[in-house]
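Working notes, beginning with the structure itself.
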Amino acid sequence: MRVFKFGGASVKDAEGVRNVERVLRIHGENPIVVVVSAMGKTTNALEQIVAAFFREENGWQEILEKIKDDHLSVMEALFPHREHLVYQEVAHVFTQIRLICSGRPDPDYNVNYDRIVSYGEIVSTRIISAYLNDQGWTNHWIDARKLIKTDANHRFARVNWTFTETLLQQTIKPNQNYVIQGFIGSDDNLHATTLGREGSDYTASIVAYAINADDVCIWKDVPGILNGDPKVFDNVTLIEQISYREAIELAYFGASVIHPKTIQPLQRKNIPLRVKSFLQPESQGTCIGQGVDLYPALPIFIRKTEQGIIKISTRDLAFIVEENLSAIYDIFHRLGVRVNLMQNSAVSSRFCINNDPVITPLVLKELERLFDVEFIPDVSLFTIRHYTEETRKTLIAGKVVRMEQVTPKVWQIAASNESALQSPFLPKSSLSIDF
Ligand code: ASP
Ligand code: MG
């Protein structure tokens, strides 16, 4: 069996849904489990509903109407007969959201979040499953909230692998097609949970692991994995083959091609992951799996935005020692701060962190009780994996560098954003290296 994943961008309108059918048709007889995200920007809109509902404000009603209208126009294009069952199924989902929002919010924000936001995937899969069935691609709609079992860590739920594996194996028959929601699951009390934003890739990987799939294919609006984000870097090239290990490293440094948790389960069972273009389904894309680390062997460029640098000095010019670092990391850990780069000198340390507007002020306040603290906001972190002198020089040009770190394979700088506005130019000649 194969597992295909279609993200929100690929099913943002009726044309996108028709294209899913086209892609599936090309793959003919293979039984496929199709994992689908919420359509377009539905998840963001549902997040706004949660925020208003949680503050017990009005405003959610209009947002909900807008989401409903958007879905309705997709359905009108796909299902000309208004008595089609799918209209009732979708109407029922919107009634459920309205019912929740007419009650009192749970005191835990994240519980409300999962309850409401999870409906985005329910609606999209209802529409897509029905459309595919109408077109003769016979499939069963299955409910991830009954199959992907997690703990109750709402918004960032962790998978209960044994339970999930059993349920998926019992449900998914080897010769049938299925449509299932990405991103969502449920806890022991059957309360909806979510796996973290952009978590549908991860769902595809969980399903593939459980049913021992032959491969996973993630369909995207890019030709595959490129050696840099084309919106940020010029002259990027398609990577044809990349090892699991290398892909995990890239995700760690902030490459946004695949959700970071996606690789590990696949690696454990040696299931290849393909990233392909839903616009050119015949082209080969990128294969992540066993084999060479990277082909073609190119430097990989990654930019991570929304960073900040915390500089911490001891008050009495005492050395920064293990005890101080342990206190600092304790604060980071407690408040959930992700450190992306760190540097020590005798009496000070610098940390480049994900700059969360809510969390960072709390962190700074706690640190200021113990140390002298400075903060540089508006920083971007640039990484070149498999850098060359040439690429390093080109990337650094014109930037106000706040931190720099070099290891044999990886070169990173944290630079202030005013200097990083123009996109770094990569001359094509600098792209090939031997390693
Ligand atoms: N719909 C969810 C999100 O937008 C999950 C996903 O797209 O993978 O984050
Ligand atoms: Mg999405």
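For ligands, and for the atoms within them, numbers begin at 1 and follow the listed sequence. One-based numbering along the sequence shown. Side chains are part of it too, since the values below use all heavy atoms of this structure and drop only hydrogens, waters and symmetry mates.
The six-membered or imidazole ring of His27 lies near that of Phe4, with a centre-to-centre distance under 6.0 Å.
With ligand atoms numbered from 1 in the order given, ligand 1 contributes 1 (N), 2 (C), 3 (C), 4 (O) to contacts under 4.0 Å with heavy atoms of Thr43. Within ligand 1, counting atoms from 1 as listed, the ones closer than 4.0 Å to a heavy atom of Arg197 are 3 (C), 4 (O), 9 (O). Residue Phe183 has at least one heavy-atom neighbour below 4.0 Å for each of these atoms of ligand 1: 2 (C), 5 (C).
An N or O contact shorter than 3.5 Å is missing between Lys5 and ligand 1 by distance.
Shown are Ile172, Val179, Asn177; of these, the side chain to side chain contact (heavy atoms under 4.5 Å, CB included) with Val33 is made only by Ile172.
For the ligand labelled ligand 1, residue Lys41 lies outside the 4.0 Å heavy-atom shell. Contact annotation: Gly8 has no heavy atom less than 4.0 Å from any atom of ligand 1.
Comparing heavy-atom distances from atom 1 (N) of ligand 1 across Glu121, Met39, Gln181 singles out Glu121 as nearest.
Stacking of Arg303 on the aromatic ring of Phe233 is not recorded, the 6.0 Å distance cut-off and the 45° axial limit not both being met.
With sequence neighbours excluded, the residues forming a salt bridge (Lys or Arg N to Asp or Glu O under 4.0 Å) with Glu249 are Arg245, Arg385, listed by chain and number.
One side chain, Thr360 or Asn355, offers a donor N or O that lies under 3.5 Å from an acceptor on the other.
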Less than 3.5 Å apart, which donor and acceptor atoms pair up between the side chains of residues 88-96 and the rest of the protein, not counting sequence neighbours?
{"residue": "Thr95", "atom": "OG1", "partner": "Ala91", "partner atom": "O", "Å": "2.8"}

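Using a 4.0 Å cut-off between heavy atoms, Ser200 contacts ligand 1 through both its backbone and its side chain.
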